[in-house]
There are 2 protein chains.
Amino acid sequence: MSGWIAVAGLGPGAEALVTPEVSAALAAATDVVGYIPYVARVAPRAGLTLHPSDNRVELDRAALALRLAAEGRRVVIVSSGDPGVFAMASALFEALEAAPEHAGTEIRILPGITAMLAAAARAGAPLGHDFCAINLSDNLKPFAVIERRLRAAIAGDFAMAFYNPRSKARPEGFARVLGILRAGCEPGRLITFARAVSTPDEALSTVTLAEARPEMADMRTVVLVGNAATRRVGRWVYTPRGGKP
Amino acid sequence: MSGWIAVAGLGPGAEALVTPEVSAALAAATDVVGYIPYVARVAPRAGLTLHPSDNRVELDRAALALRLAAEGRRVVIVSSGDPGVFAMASALFEALEAAPEHAGTEIRILPGITAMLAAAARAGAPLGHDFCAINLSDNLKPFAVIERRLRAAIAGDFAMAFYNPRSKARPEGFARVLGILRAGCEPGRLITFARAVSTPDEALSTVTLAEARPEMADMRTVVLVGNAATRRVGRWVYTPRGGKP
(Lines give C-alpha, C1' and ligand atoms only; values in the text may rest on other atoms or scores of the structure.)
Protein backbone atom coordinates (compact mmCIF):
# COMPACT_ATOMS: atom_id res chain seq x y z
CA MET A 1 0.00 0.00 0.00
CA SER A 2 1.38 3.40 -0.90
CA GLY A 3 1.89 6.06 1.71
CA TRP A 4 0.26 9.44 2.07
CA ILE A 5 0.18 12.56 4.21
CA ALA A 6 -2.94 14.28 5.51
CA VAL A 7 -2.47 17.61 7.27
CA ALA A 8 -5.46 17.71 9.57
CA GLY A 9 -7.04 20.49 11.61
CA LEU A 10 -8.22 19.26 15.02
CA GLY A 11 -10.21 22.43 15.70
CA PRO A 12 -9.88 24.50 18.87
CA GLY A 13 -10.19 21.68 21.40
CA ALA A 14 -13.64 20.08 21.74
CA GLU A 15 -14.19 16.69 20.09
CA ALA A 16 -17.56 17.97 18.80
CA LEU A 17 -15.65 20.42 16.59
CA VAL A 18 -13.51 17.78 14.83
CA THR A 19 -14.87 17.09 11.33
CA PRO A 20 -15.77 13.53 10.32
CA GLU A 21 -13.18 13.88 7.52
CA VAL A 22 -10.41 14.40 10.06
CA SER A 23 -11.67 11.56 12.30
CA ALA A 24 -11.62 9.23 9.28
CA ALA A 25 -8.04 10.22 8.40
CA LEU A 26 -6.91 9.55 11.98
CA ALA A 27 -8.66 6.16 11.92
CA ALA A 28 -6.78 5.23 8.71
CA ALA A 29 -3.37 6.51 9.85
CA THR A 30 -0.33 4.48 10.82
CA ASP A 31 1.56 7.53 12.13
CA VAL A 32 0.62 10.83 13.74
CA VAL A 33 3.13 13.67 13.70
CA GLY A 34 2.78 17.01 15.46
CA TYR A 35 3.43 19.40 18.31
CA ILE A 36 3.24 17.60 21.69
CA PRO A 37 -0.11 18.98 22.96
CA TYR A 38 -1.85 18.32 19.63
CA VAL A 39 -0.58 14.73 19.35
CA ALA A 40 -1.80 14.26 22.95
CA ARG A 41 -5.35 14.83 21.66
CA VAL A 42 -5.14 11.66 19.51
CA ALA A 43 -6.22 8.44 21.26
CA PRO A 44 -3.46 5.78 21.15
CA ARG A 45 -4.34 2.47 19.53
CA ALA A 46 -2.59 -0.67 18.26
CA GLY A 47 -0.92 -0.04 14.91
CA LEU A 48 -0.66 3.72 15.41
CA THR A 49 2.73 5.31 16.12
CA LEU A 50 2.69 8.76 17.70
CA HIS A 51 5.56 11.18 16.92
CA PRO A 52 5.17 14.19 19.22
CA SER A 53 7.73 16.96 18.77
CA ASP A 54 8.51 20.31 20.31
CA ASN A 55 7.49 23.77 19.19
CA ARG A 56 9.54 25.62 16.52
CA VAL A 57 10.67 22.44 14.72
CA GLU A 58 7.95 22.58 12.08
CA LEU A 59 10.31 21.92 9.14
CA ASP A 60 11.89 18.88 10.82
CA ARG A 61 8.44 17.53 11.57
CA ALA A 62 7.33 18.03 7.95
CA ALA A 63 10.51 16.32 6.68
CA LEU A 64 9.81 13.36 8.98
CA ALA A 65 6.29 13.07 7.56
CA LEU A 66 7.66 13.09 3.99
CA ARG A 67 10.17 10.31 4.86
CA LEU A 68 7.51 8.19 6.55
CA ALA A 69 5.12 8.55 3.59
CA ALA A 70 7.96 7.53 1.23
CA GLU A 71 8.26 4.32 3.29
CA GLY A 72 4.59 3.61 2.63
CA ARG A 73 3.23 4.91 5.96
CA ARG A 74 -0.11 6.74 6.21
CA VAL A 75 0.78 9.90 8.07
CA VAL A 76 -1.48 12.49 9.67
CA ILE A 77 0.20 15.75 10.63
CA VAL A 78 -2.04 17.25 13.30
CA SER A 79 -2.54 20.99 13.75
CA SER A 80 -4.75 22.82 16.18
CA GLY A 81 -7.56 24.77 14.51
CA ASP A 82 -7.18 24.80 10.73
CA PRO A 83 -3.89 23.55 9.24
CA GLY A 84 -3.80 26.39 6.69
CA VAL A 85 -4.02 29.23 9.23
CA PHE A 86 -0.66 29.85 10.96
CA ALA A 87 -0.12 26.11 11.20
CA MET A 88 1.54 23.10 9.56
CA ALA A 89 0.31 23.21 5.94
CA SER A 90 2.72 25.97 4.88
CA ALA A 91 5.59 24.27 6.71
CA LEU A 92 4.91 21.03 4.82
CA PHE A 93 5.04 22.82 1.46
CA GLU A 94 8.26 24.58 2.47
CA ALA A 95 9.73 21.16 3.29
CA LEU A 96 8.41 19.71 0.03
CA GLU A 97 10.05 22.52 -1.94
CA ALA A 98 13.37 21.71 -0.23
CA ALA A 99 13.07 17.96 -0.96
CA PRO A 100 12.25 17.46 -4.66
CA GLU A 101 12.73 13.69 -4.25
CA HIS A 102 9.35 13.73 -2.43
CA ALA A 103 7.51 15.66 -5.17
CA GLY A 104 5.21 12.71 -5.90
CA THR A 105 3.93 12.34 -2.32
CA GLU A 106 0.16 12.05 -2.02
CA ILE A 107 -0.91 15.00 0.16
CA ARG A 108 -4.30 16.15 1.39
CA ILE A 109 -5.03 19.22 3.52
CA LEU A 110 -8.08 18.68 5.75
CA PRO A 111 -9.62 21.92 7.01
CA GLY A 112 -10.67 22.48 10.60
CA ILE A 113 -12.43 25.05 12.79
CA THR A 114 -9.82 27.77 13.25
CA ALA A 115 -9.48 29.51 16.61
CA MET A 116 -10.77 32.92 15.48
CA LEU A 117 -14.04 31.47 14.18
CA ALA A 118 -14.60 29.38 17.31
CA ALA A 119 -13.91 32.48 19.41
CA ALA A 120 -16.14 34.69 17.24
CA ALA A 121 -18.99 32.18 17.59
CA ARG A 122 -18.75 32.33 21.39
CA ALA A 123 -18.69 36.14 21.39
CA GLY A 124 -21.49 36.57 18.84
CA ALA A 125 -20.45 37.71 15.38
CA PRO A 126 -17.56 40.18 15.75
CA LEU A 127 -16.10 39.01 12.41
CA GLY A 128 -19.47 39.34 10.66
CA HIS A 129 -18.08 41.79 8.12
CA ASP A 130 -14.73 42.13 6.28
CA PHE A 131 -11.85 41.10 8.55
CA CYS A 132 -8.12 40.31 8.76
CA ALA A 133 -6.21 37.56 10.52
CA ILE A 134 -2.76 38.59 11.77
CA ASN A 135 -0.18 36.43 13.53
CA LEU A 136 1.49 38.64 16.15
CA SER A 137 4.40 36.25 16.67
CA ASP A 138 7.63 37.79 15.49
CA ASN A 139 9.50 34.47 15.46
CA LEU A 140 9.41 34.35 11.66
CA LYS A 141 8.86 37.97 10.64
CA PRO A 142 10.12 41.32 11.90
CA PHE A 143 7.83 43.47 14.02
CA ALA A 144 7.91 46.09 11.24
CA VAL A 145 5.82 43.74 9.08
CA ILE A 146 3.29 43.32 11.89
CA GLU A 147 3.13 47.07 12.33
CA ARG A 148 2.63 47.67 8.59
CA ARG A 149 -0.25 45.19 8.52
CA LEU A 150 -1.89 46.63 11.63
CA ARG A 151 -1.82 50.11 10.14
CA ALA A 152 -3.29 48.81 6.88
CA ALA A 153 -6.05 46.95 8.77
CA ILE A 154 -6.91 50.12 10.69
CA ALA A 155 -6.88 52.19 7.49
CA GLY A 156 -9.28 49.71 5.87
CA ASP A 157 -11.56 49.57 8.93
CA PHE A 158 -11.29 45.81 9.01
CA ALA A 159 -12.30 43.78 12.03
CA MET A 160 -9.19 41.88 13.14
CA ALA A 161 -8.24 38.56 14.70
CA PHE A 162 -4.82 38.23 16.33
CA TYR A 163 -3.17 34.84 16.75
CA ASN A 164 -0.27 34.26 19.15
CA PRO A 165 -0.67 37.70 20.75
CA ARG A 166 1.78 37.28 23.59
CA SER A 167 4.44 34.95 24.93
CA LYS A 168 6.96 34.93 27.76
CA ALA A 169 9.70 35.39 25.17
CA ARG A 170 8.23 38.68 23.93
CA PRO A 171 5.95 40.24 26.55
CA GLU A 172 6.30 43.76 25.09
CA GLY A 173 5.00 43.06 21.56
CA PHE A 174 1.33 43.06 22.43
CA ALA A 175 1.67 46.32 24.37
CA ARG A 176 3.05 47.88 21.16
CA VAL A 177 0.10 46.46 19.22
CA LEU A 178 -2.37 48.04 21.63
CA GLY A 179 -0.50 51.34 21.28
CA ILE A 180 -0.84 51.22 17.48
CA LEU A 181 -4.56 50.46 17.80
CA ARG A 182 -5.03 53.36 20.24
CA ALA A 183 -3.38 55.75 17.80
CA GLY A 184 -5.77 54.77 15.00
CA CYS A 185 -9.08 53.70 16.57
CA GLU A 186 -11.62 55.32 18.91
CA PRO A 187 -11.30 54.41 22.63
CA GLY A 188 -14.68 52.65 22.66
CA ARG A 189 -13.61 50.08 20.03
CA LEU A 190 -14.63 46.61 21.30
CA ILE A 191 -11.97 43.96 21.88
CA THR A 192 -12.69 40.36 22.84
CA PHE A 193 -10.07 38.21 24.56
CA ALA A 194 -10.98 34.57 23.97
CA ARG A 195 -8.85 31.99 25.75
CA ALA A 196 -8.85 28.23 25.09
CA VAL A 197 -12.29 28.25 23.48
CA SER A 198 -14.20 24.95 23.67
CA THR A 199 -11.84 23.52 26.31
CA PRO A 200 -12.40 23.31 30.11
CA ASP A 201 -10.13 26.38 30.44
CA GLU A 202 -12.32 28.56 28.22
CA ALA A 203 -12.57 32.22 29.28
CA LEU A 204 -14.03 35.11 27.32
CA SER A 205 -14.11 38.80 28.05
CA THR A 206 -14.95 41.87 25.97
CA VAL A 207 -13.60 45.29 26.89
CA THR A 208 -13.13 48.62 25.16
CA LEU A 209 -9.78 49.54 23.62
CA ALA A 210 -9.36 52.08 26.45
CA GLU A 211 -9.73 49.26 29.00
CA ALA A 212 -7.55 46.68 27.20
CA ARG A 213 -4.32 45.65 28.95
CA PRO A 214 -1.46 43.51 27.56
CA GLU A 215 -1.80 40.94 30.36
CA MET A 216 -5.36 40.11 29.21
CA ALA A 217 -3.75 37.93 26.48
CA ASP A 218 -1.46 34.92 26.57
CA MET A 219 -0.44 32.35 23.95
CA ARG A 220 -3.72 30.43 24.35
CA THR A 221 -5.72 33.60 23.60
CA VAL A 222 -7.15 34.80 20.31
CA VAL A 223 -7.88 38.53 20.31
CA LEU A 224 -10.78 39.84 18.22
CA VAL A 225 -10.94 43.57 17.47
CA GLY A 226 -14.18 44.94 16.05
CA ASN A 227 -14.43 47.45 13.24
CA ALA A 228 -15.83 50.97 13.81
CA ALA A 229 -19.41 49.66 13.65
CA THR A 230 -19.03 46.68 16.01
CA ARG A 231 -21.38 46.88 18.98
CA ARG A 232 -23.07 44.99 21.80
CA VAL A 233 -26.56 43.60 21.96
CA GLY A 234 -27.17 42.07 25.38
CA ARG A 235 -24.23 39.81 26.20
CA TRP A 236 -23.29 39.52 22.51
CA VAL A 237 -20.80 41.42 20.36
CA TYR A 238 -21.47 41.71 16.65
CA THR A 239 -20.45 43.55 13.53
CA PRO A 240 -23.37 44.54 11.31
CA ARG A 241 -23.35 43.32 7.74
CA GLY A 242 -23.54 46.71 6.10
CA GLY A 243 -21.00 48.80 7.97
CA LYS A 244 -21.91 51.70 10.25
CA PRO A 245 -25.71 52.04 10.48
CA MET B 1 -39.44 22.71 27.25
CA SER B 2 -38.02 26.15 26.51
CA GLY B 3 -37.05 27.15 23.01
CA TRP B 4 -33.67 28.05 21.63
CA ILE B 5 -31.86 29.13 18.47
CA ALA B 6 -28.65 27.62 17.12
CA VAL B 7 -27.06 29.35 14.15
CA ALA B 8 -25.18 26.52 12.51
CA GLY B 9 -22.51 26.40 9.84
CA LEU B 10 -23.02 23.51 7.41
CA GLY B 11 -19.57 23.91 5.87
CA PRO B 12 -18.93 24.20 2.14
CA GLY B 13 -21.00 21.23 1.01
CA ALA B 14 -19.64 17.78 1.87
CA GLU B 15 -21.22 15.91 4.77
CA ALA B 16 -17.71 14.96 5.99
CA LEU B 17 -17.11 18.66 6.72
CA VAL B 18 -20.14 19.11 9.00
CA THR B 19 -19.05 19.13 12.66
CA PRO B 20 -20.63 16.68 15.13
CA GLU B 21 -21.82 19.72 17.12
CA VAL B 22 -23.89 20.91 14.15
CA SER B 23 -25.23 17.41 13.43
CA ALA B 24 -26.35 17.15 17.08
CA ALA B 25 -28.14 20.50 16.91
CA LEU B 26 -29.98 19.44 13.75
CA ALA B 27 -30.96 16.16 15.42
CA ALA B 28 -32.44 18.08 18.39
CA ALA B 29 -34.23 20.72 16.30
CA THR B 30 -37.97 21.10 15.74
CA ASP B 31 -37.50 23.78 13.05
CA VAL B 32 -34.87 24.60 10.44
CA VAL B 33 -34.79 28.08 8.97
CA GLY B 34 -32.58 29.28 6.12
CA TYR B 35 -31.90 30.10 2.51
CA ILE B 36 -33.53 27.53 0.19
CA PRO B 37 -30.38 25.66 -0.97
CA TYR B 38 -29.02 25.37 2.58
CA VAL B 39 -32.30 24.06 4.03
CA ALA B 40 -32.31 21.55 1.15
CA ARG B 41 -29.14 20.04 2.66
CA VAL B 42 -31.05 19.01 5.82
CA ALA B 43 -32.71 15.57 5.66
CA PRO B 44 -36.48 15.76 6.35
CA ARG B 45 -37.77 13.69 9.27
CA ALA B 46 -40.93 13.41 11.36
CA GLY B 47 -41.19 16.24 13.88
CA LEU B 48 -38.96 18.59 11.91
CA THR B 49 -40.47 21.59 10.12
CA LEU B 50 -38.40 23.13 7.33
CA HIS B 51 -38.74 26.87 6.64
CA PRO B 52 -36.81 27.61 3.44
CA SER B 53 -36.74 31.26 2.35
CA ASP B 54 -35.32 33.29 -0.48
CA ASN B 55 -32.06 35.22 -0.62
CA ARG B 56 -31.90 38.82 0.73
CA VAL B 57 -34.56 38.28 3.42
CA GLU B 58 -32.07 37.58 6.19
CA LEU B 59 -33.75 39.88 8.73
CA ASP B 60 -37.22 38.38 8.14
CA ARG B 61 -35.71 34.92 8.54
CA ALA B 62 -34.01 35.91 11.80
CA ALA B 63 -37.24 37.46 13.12
CA LEU B 64 -39.10 34.22 12.30
CA ALA B 65 -36.49 32.24 14.26
CA LEU B 66 -36.92 34.55 17.28
CA ARG B 67 -40.72 34.15 17.17
CA LEU B 68 -40.48 30.36 16.89
CA ALA B 69 -38.03 30.15 19.82
CA ALA B 70 -40.40 32.31 21.90
CA GLU B 71 -43.09 29.69 21.24
CA GLY B 72 -40.79 27.03 22.70
CA ARG B 73 -39.47 25.66 19.39
CA ARG B 74 -35.86 24.48 18.98
CA VAL B 75 -34.70 26.33 15.92
CA VAL B 76 -31.57 25.84 13.82
CA ILE B 77 -30.76 28.66 11.40
CA VAL B 78 -28.57 27.06 8.77
CA SER B 79 -25.78 28.89 6.97
CA SER B 80 -23.35 27.63 4.41
CA GLY B 81 -19.74 27.64 5.61
CA ASP B 82 -19.40 29.40 8.98
CA PRO B 83 -22.38 31.38 10.28
CA GLY B 84 -20.14 34.23 11.47
CA VAL B 85 -18.50 34.88 8.09
CA PHE B 86 -20.79 36.85 5.74
CA ALA B 87 -23.72 34.75 6.91
CA MET B 88 -26.68 34.60 9.29
CA ALA B 89 -25.13 35.27 12.73
CA SER B 90 -24.84 39.03 12.21
CA ALA B 91 -28.36 39.18 10.76
CA LEU B 92 -29.73 37.41 13.85
CA PHE B 93 -28.10 39.94 16.18
CA GLU B 94 -29.42 42.81 14.06
CA ALA B 95 -32.91 41.32 14.41
CA LEU B 96 -32.40 40.79 18.16
CA GLU B 97 -31.40 44.43 18.57
CA ALA B 98 -34.60 45.47 16.80
CA ALA B 99 -36.78 43.20 18.98
CA PRO B 100 -35.93 43.79 22.67
CA GLU B 101 -38.83 41.55 23.69
CA HIS B 102 -36.67 38.61 22.58
CA ALA B 103 -33.59 39.67 24.59
CA GLY B 104 -33.79 36.54 26.78
CA THR B 105 -33.67 34.06 23.89
CA GLU B 106 -31.17 31.23 24.33
CA ILE B 107 -28.79 31.53 21.37
CA ARG B 108 -25.75 29.51 20.33
CA ILE B 109 -23.53 30.12 17.33
CA LEU B 110 -22.04 26.86 16.00
CA PRO B 111 -18.95 27.40 13.85
CA GLY B 112 -18.39 25.64 10.55
CA ILE B 113 -15.76 25.24 7.84
CA THR B 114 -15.91 28.51 5.94
CA ALA B 115 -15.52 28.51 2.16
CA MET B 116 -12.13 30.25 2.06
CA LEU B 117 -10.52 27.66 4.32
CA ALA B 118 -12.00 24.73 2.41
CA ALA B 119 -10.75 26.33 -0.81
CA ALA B 120 -7.33 27.09 0.63
CA ALA B 121 -6.99 23.46 1.76
CA ARG B 122 -7.66 22.22 -1.78
CA ALA B 123 -5.16 24.67 -3.28
CA GLY B 124 -2.42 24.05 -0.69
CA ALA B 125 -1.87 26.84 1.84
CA PRO B 126 -2.38 30.19 0.06
CA LEU B 127 -3.69 31.75 3.32
CA GLY B 128 -0.74 30.39 5.30
CA HIS B 129 0.29 33.85 6.44
CA ASP B 130 -1.63 37.03 7.43
CA PHE B 131 -4.76 37.42 5.31
CA CYS B 132 -8.03 39.33 4.83
CA ALA B 133 -11.54 38.18 4.01
CA ILE B 134 -13.55 40.65 1.92
CA ASN B 135 -17.16 40.33 0.75
CA LEU B 136 -17.30 41.81 -2.75
CA SER B 137 -21.10 42.04 -2.77
CA ASP B 138 -22.23 45.65 -2.82
CA ASN B 139 -25.79 44.81 -1.77
CA LEU B 140 -25.20 46.15 1.73
CA LYS B 141 -22.21 48.46 1.31
CA PRO B 142 -21.09 50.95 -1.34
CA PHE B 143 -18.32 49.93 -3.73
CA ALA B 144 -16.19 52.74 -2.26
CA VAL B 145 -15.89 50.71 0.97
CA ILE B 146 -14.81 47.64 -0.99
CA GLU B 147 -12.23 49.72 -2.85
CA ARG B 148 -10.88 51.25 0.38
CA ARG B 149 -10.43 47.77 1.88
CA LEU B 150 -8.77 46.37 -1.24
CA ARG B 151 -6.25 49.20 -1.27
CA ALA B 152 -5.55 48.66 2.44
CA ALA B 153 -5.09 44.92 1.90
CA ILE B 154 -2.65 45.58 -0.95
CA ALA B 155 -0.76 48.16 1.14
CA GLY B 156 -0.44 45.62 3.98
CA ASP B 157 0.64 42.81 1.61
CA PHE B 158 -2.10 40.59 2.97
CA ALA B 159 -3.21 37.45 1.18
CA MET B 160 -6.91 37.89 0.42
CA ALA B 161 -10.06 35.82 0.15
CA PHE B 162 -13.01 37.26 -1.75
CA TYR B 163 -16.55 36.06 -1.05
CA ASN B 164 -19.45 36.69 -3.47
CA PRO B 165 -17.11 37.97 -6.19
CA ARG B 166 -19.63 38.23 -9.00
CA SER B 167 -23.33 38.02 -9.72
CA LYS B 168 -25.59 38.59 -12.68
CA ALA B 169 -26.90 41.73 -10.97
CA ARG B 170 -23.42 43.32 -10.89
CA PRO B 171 -21.15 41.75 -13.50
CA GLU B 172 -18.81 44.75 -13.63
CA GLY B 173 -17.75 44.84 -9.94
CA PHE B 174 -15.22 42.03 -10.14
CA ALA B 175 -13.60 43.57 -13.25
CA ARG B 176 -13.03 46.73 -11.18
CA VAL B 177 -11.55 44.63 -8.38
CA LEU B 178 -9.09 43.02 -10.80
CA GLY B 179 -8.18 46.50 -12.05
CA ILE B 180 -7.40 47.69 -8.51
CA LEU B 181 -5.27 44.59 -7.90
CA ARG B 182 -3.37 45.14 -11.18
CA ALA B 183 -2.60 48.72 -10.16
CA GLY B 184 -1.04 47.60 -6.86
CA CYS B 185 0.38 44.09 -7.33
CA GLU B 186 2.92 42.50 -9.66
CA PRO B 187 1.49 40.68 -12.74
CA GLY B 188 2.76 37.31 -11.52
CA ARG B 189 0.68 37.43 -8.32
CA LEU B 190 -1.10 34.05 -7.94
CA ILE B 191 -4.90 33.93 -7.87
CA THR B 192 -6.93 30.79 -7.22
CA PHE B 193 -10.54 30.51 -8.35
CA ALA B 194 -12.23 27.82 -6.25
CA ARG B 195 -15.77 26.92 -7.19
CA ALA B 196 -18.20 24.80 -5.12
CA VAL B 197 -15.42 23.15 -3.12
CA SER B 198 -16.28 19.71 -1.70
CA THR B 199 -19.37 19.36 -3.91
CA PRO B 200 -19.71 17.36 -7.18
CA ASP B 201 -19.36 20.69 -9.04
CA GLU B 202 -15.93 21.47 -7.52
CA ALA B 203 -13.50 23.21 -9.87
CA LEU B 204 -10.18 24.81 -9.00
CA SER B 205 -7.77 26.82 -11.08
CA THR B 206 -4.79 28.99 -10.28
CA VAL B 207 -3.61 31.71 -12.67
CA THR B 208 -1.48 34.81 -12.47
CA LEU B 209 -3.04 38.23 -11.97
CA ALA B 210 -2.09 39.00 -15.60
CA GLU B 211 -4.11 35.99 -16.75
CA ALA B 212 -7.13 36.52 -14.45
CA ARG B 213 -10.45 37.33 -16.15
CA PRO B 214 -13.74 38.43 -14.52
CA GLU B 215 -15.64 35.49 -16.01
CA MET B 216 -13.45 33.04 -14.06
CA ALA B 217 -15.63 33.80 -11.00
CA ASP B 218 -19.33 33.41 -10.27
CA MET B 219 -21.37 33.48 -7.05
CA ARG B 220 -20.32 29.93 -6.15
CA THR B 221 -16.64 30.87 -6.38
CA VAL B 222 -14.27 31.96 -3.64
CA VAL B 223 -11.25 33.84 -4.97
CA LEU B 224 -7.92 33.55 -3.12
CA VAL B 225 -5.20 36.09 -3.88
CA GLY B 226 -1.70 35.34 -2.62
CA ASN B 227 0.62 37.86 -1.01
CA ALA B 228 3.88 38.92 -2.67
CA ALA B 229 5.64 35.75 -1.45
CA THR B 230 2.99 33.21 -2.47
CA ARG B 231 4.35 30.61 -4.86
CA ARG B 232 3.87 27.18 -6.41
CA VAL B 233 5.44 23.89 -5.46
CA GLY B 234 4.33 21.18 -7.87
CA ARG B 235 0.54 21.38 -8.19
CA TRP B 236 0.25 23.28 -4.90
CA VAL B 237 0.05 27.00 -4.08
CA TYR B 238 1.34 28.18 -0.72
CA THR B 239 2.32 31.26 1.23
CA PRO B 240 5.45 30.79 3.32
CA ARG B 241 5.20 31.42 7.05
CA GLY B 242 7.85 34.09 7.22
CA GLY B 243 7.13 36.37 4.27
CA LYS B 244 9.37 36.68 1.21
CA PRO B 245 12.34 34.30 1.54
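Computed from a predicted structure; not experimentally measured. So that the names make sense, note that chain A is the first sequence line, chain B the second, and so on, each numbered from 1.
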**Item:** B:Arg189 side-chain N/O to B:Gly226 backbone N/O, donor-acceptor pair under 3.5 Å
**Value:** yes
**Request:** Under 4.5 Å, counting heavy-atom pairs only, tell me which of B:Arg235, B:Arg108, B:Arg148, B:Glu15 racks up the most with chain A.
**Result:** B:Arg148
Show me, pair by pair, the donor-acceptor contacts under 3.5 angstrom made by side chains of residues 19-28 of chain A, not counting sequence neighbours?
unit_1	atom_1	unit_2	atom_2	d
A:Thr19	OG1	A:Val22	N	3.2
A:Ser23	OG	A:Thr19	O	3.4

**Asked** Taking the inter-plane angle between the rings of A:Phe174 and A:Phe162 on a 0 to 90° scale, is it parallel (under 30°), tilted (30 to 60°) or perpendicular (over 60°)?
**Response** perpendicular
**Message:** Please check: side-chain N/O of B:Ser90 versus main-chain N/O of A:Thr239, any donor-acceptor pairing under 3.5 Å?
**Reply:** yes
Donor-acceptor contacts, no H, no angles, side chain residues 113-123 of chain B, under 3.5 Å, sequence neighbours left out:
unit_1	atom_1	unit_2	atom_2	d
B:Thr114	OG1	B:Tyr163	OH	2.5
B:Arg122	NE	B:Glu202	OE1	3.1
B:Arg122	NE	B:Glu202	OE2	2.7
B:Arg122	NH2	B:Glu202	OE1	3.1

**Message:** Taking 4.5 Å as the heavy-atom cut-off, does anything in residues 97-107 of chain B contact chain A, and if so which residues?
**Reply:** B:Glu97, B:Ile107
**Prompt:** Relative to chain A, which of B:Ala16, B:Ala152, B:Gly112 shows the most heavy atom pairs under 4.5 Å?
**Reply:** B:Ala16
**Prompt:** Side chain, backbone, both or neither: which part of A:Ala159 has a non-hydrogen atom closer than 4.5 Å to chain B?
**Reply:** neither
**Asked** Taking NZ, NE, NH1 and NH2 as the nitrogens, is one of them in A:Glu58 or B:Arg241 under 4.0 Å from a carboxylate oxygen of the other?
**Response** yes
**Item:** Per-residue contact mode, A:Asn135 against chain B (heavy atom under 4.5 angstrom)
**Value:** both
**Complete:** Pair count under 4.5 Å, heavy atoms only, with chain B: among A:Gly234, A:Ser137, A:Gly124, A:Ala89, highest is A:Gly124
**Asked** With sequence neighbours excluded, what pairs up with B:Arg151 under the salt bridge (charged side-chain N to carboxylate O under 4.0 Å, His left out) test?
**Response** B:Glu147
**Asked** Is there a donor-acceptor pair under 3.5 Å between the side chain of A:Arg149 and the backbone N or O of B:Asp157?
**Response** yes
**Prompt:** Relative to chain A, which segment of B:Tyr238 carries a heavy atom at a distance below 4.5 Å: side chain, backbone, both, or neither?
**Reply:** side chain
